[in-house]
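The structure appears below as structure tokens.
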Amino acid sequence: MAKKSDKDTEEYGWLGRLIYGQVISLDFFKRHWLVVFTTVIVIMLYITQKYNCQTKMEEIRRLNTELEIVKTEHLRVRSMYMSNTRESSMQHLIDSLGLSLRVQEQPPFKLDAK
């Protein structure tokens with residue numbers, strides 16, 4: 001590939017110099033290699049930490065949703081248990097008093113008078 005002359009790059013201005021690598025020369029990297037290396041490492045660490053933070057925040061949201069579901073299920077099961085406990089204690093009381101009452105098998109229904 002033919003090398004571009006200085007005249008060709010001057011036609012495009014600063015954009016042409018940037019494209020052809022004349023803005024920052026190799027000598028700049030040789031003189032400031034430690035600063036460039038440190039800057040690249042810091043940028044990579046920042047990107048890594050931001051990714052880890054976003055991943056952890058997403059996991060926290062997922063776990064909070066799961067916690068709400070488990071809390072709701074716990075309340076439902078507790079309510080069922082308390083209902084069954086009350087019903088069985090009432091049945092035990094009725095049996096101990098010798099009453100001939102029993103739990104109705106079918107739910108009550110309404111009769112229409114015509």
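By the side chain to side chain contact (heavy atoms under 4.5 Å, CB included) test, Asp27 pairs with Ser25, Lys30, sequence neighbours left out.
Membership of the apolar cluster around Met82 extends to Tyr81, as traced through chained side-chain contacts below 4.5 Å between ILVMFWY residues. Other members of the cluster containing Leu63 do not exist, because no ILVMFWY side chain is joined to it at under 4.5 Å. Residue Met90 shares its hydrophobic cluster (ILVMFWY side chains chained together at separations under 4.5 Å) with no other residue.
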Listing, residues 67-74 side-chain donor-acceptor contacts under 3.5 Å, not counting sequence neighbours, or none:
unit_1 : atom_1 : unit_2 : atom_2 : d
Thr72  : OG1    : Glu68  : O      : 2.9
Glu73  : OE1    : Arg76  : NE     : 3.4
Glu73  : OE2    : Arg76  : NH2    : 2.5

Scan the side chains in residues 32-41 for donor-acceptor partners under 3.5 Å anywhere in the protein, sequence neighbours excluded, and list what turns up.
unit_1 : atom_1 : unit_2 : atom_2 : d
Thr38  : OG1    : Leu34  : O      : 2.7
Thr39  : OG1    : Val35  : O      : 2.7

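Sequence neighbours left out, not one pair with a member in residues 50-61 passes salt bridge (Lys or Arg N to Asp or Glu O under 4.0 Å). Within the structure, the side chain to side chain donor-acceptor pair (under 3.5 Å) test picks out the following pairs touching residues 85-94 (sequence neighbours left out): Gln91-Asp95.
The structure places CG of Leu45 at 10.5 Å from CG of Asn52, a figure rounded to the nearest 0.5 Å. A distance of 11.0 Å separates OG1 in Thr55 from CE in Met57, rounded to the nearest 0.5 Å.
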